Amino acid sequence: MAELITYRDAVARAIAQEMRRDERVVFLGEDIAAAGGVFKTTKGLLDEFGPVRVRDTPISEEAIIGGAMGAAMTGMRPIAEIMFSDFLATCWDLVAVEIAKSRYMTAGQVEVPLVIRTANGGGLRFGAQHSQAVENWAMMIPGLKVVAPSNPADLIGLFAAAVRDDDPVMFFEQKSLYPTKGEVPDGEIVDELGKAKIVREGDDITLVALASMVPRAVDAAERLQEERGISAEVVDLRSLVPMDTQTVLRSVTKTTRLATVEENPRLCGWGAEVVSIVSDEAFWDLDAPLTRITTPHVPLPSADALEDVTLPSVDRVVETVAKVVG
Amino acid sequence: MTATATDVGDAIDQDTKLALYRQLHRLRKFEERAYRLFMDGLVKGTSHLSLGMEAIAAGFGEAQREDDLTYCTYRGHAHTLSRGVPMDGVMAELLGRANGVCGGKGGSMHLTSVEHGVMGSYAIIGAHLPIAAGAAWSAQLRGSGQVTVCFFGDGATNIGAFHEALNLASVWKLPVVFVCENNLWMEYTAIADVTAVEHPAADRAGSYGLERIVIDGNDPDAVYLEATRAIEHAREGGGPSLIEAMTYRHGGHSRADPGTYRPQEEVDEWLARDPLPMYRQRLLDAGVSESDLTAIEDEAQADVDAATEAAKNGPLPELDEAFTDVFADGGSSWRN
């Protein structure tokens with residue numbers, strides 16, 4: 001049996017699944033308990049698990065992330081919410097300099113098994129300080145794992161894998177996906193970090209996408225087939241660290257062309273790393289220059305028309321791919 | 001000051017006093033040796049010493065339960081040693097040897113020994129206060145009865161993490177003792193010149209519903225008694241304490257800094273209040289024999305000499321170690 005649920009409801013289901021399984025899993029963040037989350041992603045958790053395990057915090061991101069770290073290194077499995085991923089900047093020292101490096105600096109004495117989940121990305125007209133796609137910030141830091149699901153079933157399965165992982169995992173939920181729906185099987189769902197998925201098969205070009213760019217890449221692929229007779233394969237990368245480069249390389253070897261579809265601003269986006277790897281390891285299989293489709297290197301504007309012209313659109317993917325395939 | 005030498009000393013038994021004396025000398029002689037090894041080029045990078053400030057680490061170390069947790073700073077040699085971490089491993093870590101407590105991957109600023117409850121030395125000012133609060137939250141959740149002690153300098157009191165941690169610890173009544181070692185100087189700037197209140201930690205305690213506590217951080221007995229009180233208060237569910245311990249570093253901030261930015265009269269005044277000779281006299285006055293004290297001092301020196309030899313003779317880390325312990329699988333691989 002399967003059920004059609006929203007990406008939003010998948011969040012609470014994923015957290016509940018793990019909290020039922022393991023008493024060490026606790027959840028803290030701003031407005032997550034009594035209010036059920038500002039995006040209503042955590043509704044019902046306080047009722048089921050109580051105020052000791054589901055805990056509202058002050059607006060103190062360093063206390064939230066530092067608190068989660070201290071708990072993780074002493075036997076707990078905390079889940080910390082940072083309401084908007086933009087706010088990670090206020091506690092980035094804890095994330096990048098403390099959490100990420102502790103295992104290494106202590107030669108493995110300290111373990112920090114926690115999940116930081118956060119609403120990431122644009123598309124909701126929030127403007128430049130509540131819309132950033134910052135998964136590449138986390139990707140640059142050795143010691144962090146980085147996950148960004150594109151649909152409800154993946155969200156639950158990857159979240160479970162993240163909570164059960166012994167490393168710190170940055171879990172980026174794309175906030176414009178919250179109302180989207182997807183089929184979710186009954187029962188416990190546990191996925192695996194570091195496994196990309198081919199979500200649409202094709203022969204002429206590989207589109208590698210992440211989170212909200214996955215449905216856009218799929219829509220673009222449908223239109224490319226209908227309007228231009230181009231067959232695009234779409235790979236949902238799902239996790240940036242660990243990265244399933246083998247699935248990408250196999251796909252590119254077959255299609256001989258690659259475009260990445262990235263929500264982040266241009267410089268140092270995750271696609272640059274993908275392009276670099278493909279260039280190094282599949283160069284002689286290629287029939288076209290490697291291409292990146294990204295948000296231009298600008299902060300995100302608020303007005304509908306302006307935000308729409310910056311984020312990679314289905315139209316832009318179609319036009320760019322048509323040129324690459326020729 | 002809330003406590004002075006004369007009114008607190010009698011409450012402490014002689015064995016504890018001798019243990020404090022022994023610890024003071026171990027820490028002093030270790031730091032003197034660390035300085036020399038830095039000047040000789042054997043300790044690389046940087047080194048921050050607790051010379052003159054030993055009474056705080058000694059007093060708390062003596063008051064902590066074996067399974068209690070310590071979070072300290074890049075100036076953390078003393079706090080690590082005072083939890084019983086073997087001196088050999090600490091000295092070897094300073095020298096970047098494989099037999100160091102972190103296998104040479106941490107160095108002077110990141111001493112850690114989880115098996116002794118030393119959960120890390122943190123080198124970003126103030127960062128470890130919320131982490132210590134989190135460890136205390138964990139102890140509360142697990143019902144372990146452990147108390148977390150978190151040491152930091154006066155400079156940390158003007159950073160946001162200090163305030164976020166204090167507030168959360170107080171609201172959640174966490175079993176944590178925050179200890180501000182106020183040595184009057186942040187790095188090269190006097191804390192008084194850049195802070196709105198006279199006592200940078202204690203004068204903020206009221207903002208978090210906590211008692212204002214200032215102690216003489218150069219008096220081992222005063223530190224030990226206040227540490228014992230605050231730790232028991234936390235263990236019994238009374239919540240956090242914030243203690244400001246007044247002290248002074250004999251040397252500079254780090255490395256070879258001579259500390260010449262400090263007025264000579266101030267330095268002289270505090271050198272006259274060096275905890276070691278002061279405590280020696282107190283023990284002599286209490287009837288401990290000179291030869292017993294000298295024996296303790298000699299033993300501390302012998303320990304440091306032996307640790308120095310063990311460190312100098314320790315193996316260098318295998319080069320492969322640079323690529324281990326990034327992730328839980330033991331390695332550093334981020335792709336397939």
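This one's a predicted model, so the numbers in the text were calculated from it and none came from an experiment. The figures here come from the full heavy-atom set of this structure, side chains too, leaving out hydrogens, waters and symmetry mates. In what follows, every chain begins at residue 1, and chains take the letters A, B, ... in the order their sequences are listed.
- Note on A/R53, A/E281, A/R24: by heavy-atom pairs under 4.5 Å with chain B, the leading option is A/E281.
- Heavy atoms of B/Q146 lying under 4.5 Å from chain A are absent altogether.
- Heavy atoms closer than 4.5 Å to chain A are found in both the backbone and the side chain of B/W334.
- Of the listed residues (B/G126, B/S113, B/A123, B/S144), the greatest number of heavy-atom pairs within a distance under 4.5 Å of chain A belongs to B/S113.
- B/W137 places a side-chain heavy atom less than 4.5 Å from the side chain of A/V26.
- When all heavy atoms are compared, the tightest approach of B/A127 to A/D93 is CB-OD2, 3.1 Å.
- Between chain A and the options B/S332, B/A322, B/A139, heavy-atom pairs under 4.5 Å are most frequent for B/A322.
- Distance CE/A/M243 to OG/B/S333: 11.5 Å, rounded to 0.5 Å.
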Should B/H110 and A/M105 be marked as a side chain to side chain contact (heavy atoms under 4.5 Å, CB included) after you check the CA-CA gap, both sets of side-chain angles, and the distance that decides it? CA-CA 7 Å; B/H110 300 299; A/M105 293 195 304; 3.5 Å; yes
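- Under a cut-off of 6.0 angstrom, the local environment of CD in A/Q129 is sparse, with at most 12 non-hydrogen atoms contributed by other residues, nucleotides or ligands.
- Heavy atoms of A/I65 lying under 4.5 Å from chain B are absent altogether.
- For the atom pair CE of A/M69 and NE2 of B/H128, the computed distance is 11.5 Å after rounding to the nearest 0.5 Å.
- For the pair B/N336 (side chain) and A/T245 (backbone), a donor-acceptor distance under 3.5 Å is present.
- In this structure, the side chain of A/Q109 engages the main chain of B/T112 through a donor-acceptor pair within 3.5 Å.
- Residue A/E61 touches chain B through its backbone alone, counting heavy-atom pairs closer than 4.5 Å.
- By the 4.5 Å heavy-atom criterion applied to side chains, B/F327 and A/D165 are not counted as neighbours.
- For A/V112, no part sits under 4.5 Å from any heavy atom of chain B, backbone or side chain.
- Using a 4.5 Å cut-off between heavy atoms, A/I99 does not touch chain B at all.
- For B/L111, no part sits under 4.5 Å from any heavy atom of chain A, backbone or side chain.
- No donor-acceptor pair closer than 3.5 Å links the side chain of A/D166 to the backbone N or O of B/A328.
- Proximity to chain A is absent for every atom of B/A132, based on heavy atoms less than 4.5 angstrom apart.
- In summary, the side chains of B/S138 and A/T74 do present a donor paired with an acceptor at a separation below 3.5 Å, with no hydrogens or angles considered.
- When each of A/A71, A/P242, A/P168 is scored by its heavy-atom pairs under 4.5 Å with chain B, the top score falls to A/A71.
- Side chains of B/N167 and A/S60: a donor-acceptor N/O pair is absent below 3.5 angstrom, by distance only.
- Residue contact with chain B, scored on non-hydrogen atoms closer than 4.5 Å, involves the side chain of A/V97 exclusively.
- Neither the backbone nor the side chain of A/I64 comes within contact range of chain B; no heavy atom of the residue lies under 4.5 Å from a heavy atom of that chain.
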